[in-house]
Amino acid sequence: MDAHIGVVGMAVMGSSLALNIESRGYTVSVYNRTAKRTENFVKERAQGKKIIPTYSLSDFVDSLKKPRKIILMVKAGEPTDKMIDALIPLLDKGDILIDGGNAYYKDTERRIERAHKYGLRYIGLGISGGESGALHGPSMMAGGDEDAYREVEEILEKAAAKTDDGPCVAYLGRGSAGHFVKMTHNGIEYAIMEAIAEVYDIMRVGLSMEIPQIQKIFKEWNKGRLNSYLIEITGNLLGVKDRDTGHYMVDIILDKAKSKGTGKWTTQTALDLGVPVPSISEAVFARILSSYKEERVKISRMLDKEDIPTLQAVDGTEFLDILEAALYTAMLLIYAQGFHLLHVASGEYEYGLNLAEVSRIWKGGCIIRAKVLNDFKEMYLENKDLSTPLLSERFIDMIKDNISSLREVILRAKEVEIPLPVLSSTLDYIDGAKRERLPANIIQAQRDYFGAHTFERRDREGVFHVEWEKEAEDSNS
Ligand code: NBP
């Protein structure tokens with residue numbers, strides 16, 4: 001029996017994706033470097049399914065219909081290269097390699113070039129949704145060889161999450177477009193997660209609320225305009241208790257956040273492309289700061305006050321409404337930064353991204369799925385060339401009455417010393433973006449003073465330089 005498609009890598013994601021594809025009526029071949037994983041998979045979850053286990057790469061390759069379609073679901077980085085190296089000699093011209101891992105987009109460019117040298121076709125496929133998404137329907141962001149995509153489109157569409165707007169998968173553009181979009185998705189994810197954590201901190205520490213009260217708030221918020229997967233899971237996880245101690249799990253979990261690097265890549269890439277994504281970079285730094293637990297404990301003993309006041313004085317119910325509006329504003333501005341990055345990258349790397357389509361496939365299956373993505377889709381349908389959502393009337397209408405809530409929350413929370421790296425940087429971002437004039441004139445003058453870097457003038461065209469010390473003397477004389 002020839003398999004329609006093969007999956008390499010039987011860890012959490014690969015095994016779930018294989019089952020998902022099989023459940024849509026396809027025969028799937030599977031292979032994993034360590035045989036035990038494959039054995040366990042076929043004995044347990046894959047029992048009775050149209051899944052063909054293979055224990056050598058050549059058997060795996062031979063089990064596939066031609067042109068072969070192979071999804072790699074192995075650890076990103078060197079393991080992916082090693083697996084491609086091992087597969088290349090076994091494949092025929094026209095076969096299709098699909099990297100479903102979280103590849104760094106520049107690695108994808110390099111791998112595409114390499115695959116093409118051997119006559120292979122290549123798809124960089126960003127997959128989001130975690131284990132459950134992979135099993136029931138992820139969001140998938142494809143880039144690379146379009147003709148190859150069209151040959152696997154039907155399988156991917158059947159396996160993808162579905163919304164009222166169709167399956168959450170699309171061909172987004174040449175080369176590394178899919179992995180670039182997935183990287184940006186993860187950057188947005190970092191920032192929204194941190195914004196939610198900060199809002200939780202305001203409720204828990206600032207308002208001294210109990211966990212069940214906070215859980216109720218998140219559940220309530222999820223029914224409205226904040227409706228999203230991350231708000232939903234926060235509402236759910238807050239209710240979970242530790243079986244051993246009976247305490248809420250969130251009170252037991254050590255406050256050190258880890259990461260795998262996609263937020264860092266988004267920040268580094270934004271710096272390279274000159275796009276402001278302060279909320280994303282602050283979210284990365286917030287995780288890094290959290291990891292310095294021992295130091296924080298010592299510093300807190302040196303600097304923290306015995307009794308930080310609480311925000312009890314505020315009208316609780318009214319303040320919670322303000323908090324909701326603040327989080328909504330932050331969420332919108334975080335997406336805006338991500339979309340701005342995608343717009344610039346699309347020009348730089350000639351991806352030709354359709355950002356309405358990106359918004360559409362992010363509406364379901366992925367970690368950052370949210371009700372507001374429908375508005376982003378509409379924004380880009382209204383103007384596909386929008387450089388940043390901040391230039392959309394629709395977007396401005398959504399944030400303009402809410403920015404004051406973000407400001408109020410930050411001012412109040414700062415009185416009780418709650419760190420808000422993402423909420424604060426998000427407010428600075430919009431405060432900066434909406435200022436017709438910024439103090440960058442001073443920066444330009446300083447640069448010209450010490451480095452003769454020149455400057456432009458507001459009143460005339462051209463490039464200017466001033467002998468500042470001489471002029472200072474003359475101006476003072
Ligand atoms: P992991 O990222 O933990 O990778 C484990 C898999 O990689 C195993 O199958 C392992 O084989 C294989 N592998 C390694 Br490690 N080194 C290898 C090598 N040198 N040659 C061949 N195979 C090797 O698995 P995952 O969490 O299922 O993720 C798979 C991909 O999907 C990753 O790229 C990940 O970034 C991406 N992703 C994950 C999630 C998620 O929520 N987990 C979400 C979205 C995307 P072994 O059994 O022999 O060690």
Qualifying residue for side-chain contact (heavy atoms from CB on, under 4.5 Å) with Pro421, from Ser425, Ser424, Pro419: Pro419
Taking all non-hydrogen atoms of both residues, which atom of Ala103 and which atom of Asp99 are closest, and how far apart? CB-OD2, 3.4 Å
Rounded to the nearest 0.5 Å, the OH atom of Tyr248 sits from the NZ atom of Lys241 at a distance of 4.0 Å
Centroid-centroid distance, Tyr349 to Tyr105, less than 6.0 Å: yes
Residue Glu393 excluded, over 12 heavy atoms near CD under 6.0 Å: no
Looking at every non-hydrogen atom in both residues, tell me the closest pair between Ala148 and Ile123 and how far apart they are. C-CD1, 3.8 Å
State whether the number of non-hydrogen atoms from other residues, nucleotides or ligands found under 6.0 Å of Lys414 atom NZ is greater than 12. yes
To the nearest 0.5 Å, tell me how far Phe376 CZ sits from Phe395 CZ. 5.0 Å
Closer than 3.5 angstrom, by distance alone: can the side chain of Thr262 be matched with the main-chain N or O of Met183 as a donor-acceptor pair? no
Does NZ or CZ of Arg174 come closer than 6.0 Å to the centre of the six-membered ring of Tyr351, within 45° of the ring's axis? no
Other residues, nucleotides, ligands: >12 heavy atoms within 6.0 Å of Arg243 CZ: no
Within 6.0 Å of OH in Tyr200, more than 12 heavy atoms from elsewhere: yes
Under 6.0 Å from the NZ atom of Lys264, do we count more than 12 heavy atoms belonging to anything else shown? no
Report, as yes or no, whether the 6.0 Å neighbourhood of atom OH on Tyr292 holds more than 12 heavy atoms from other residues, nucleotides or ligands. no
Rounded to the nearest 0.5 Å, what's the gap from CG on Leu420 to CG on Leu406? Could you check? 9.0 Å
Over all atoms of both residues, closest heavy-atom pair of Ser128 and Pro138: O-CB, 3.3 Å
Using the side chain to side chain donor-acceptor pair (under 3.5 Å) rule, pick out the option among Lys50, Lys69, Glu154 that qualifies with Tyr26. Glu154
Can we say Arg204 and Asp201 salt-bridge, meaning some charged N sits less than 4.0 Å from an Asp/Glu carboxylate O? no
Should Lys36 and Glu39 count as an ion pair when the cut-off is N to O under 4.0 Å? yes
Dump the intermediate steps for side chain to side chain contact (heavy atoms under 4.5 Å, CB included) on Ile233 and Phe218, then the final yes or no. CA-CA 9 Å; Ile233 63 162; Phe218 276 109; over 6 Å; no
Looking at every non-hydrogen atom in both residues, tell me the closest pair between Thr266 and Thr184 and how far apart they are. CG2-CA, 4.2 Å
For residues Arg225 and Glu324, report the shortest heavy-atom separation together with the two atoms involved. NH2-OE1, 2.7 Å
Under 3.5 Å, is there a donor-acceptor pair linking the side chains of Gln268 and Tyr104? no
Should we say atom NZ of Lys75 is surrounded by more than 12 heavy atoms from elsewhere, each under 6.0 Å from it? no
So, does Ser346 use its side chain to make a donor-acceptor pair with the main chain of His343 at under 3.5 Å? no
For Tyr380 and Phe339, I'd like to know if the aromatic rings sit close, meaning centre-to-centre distance below 6.0 Å. yes
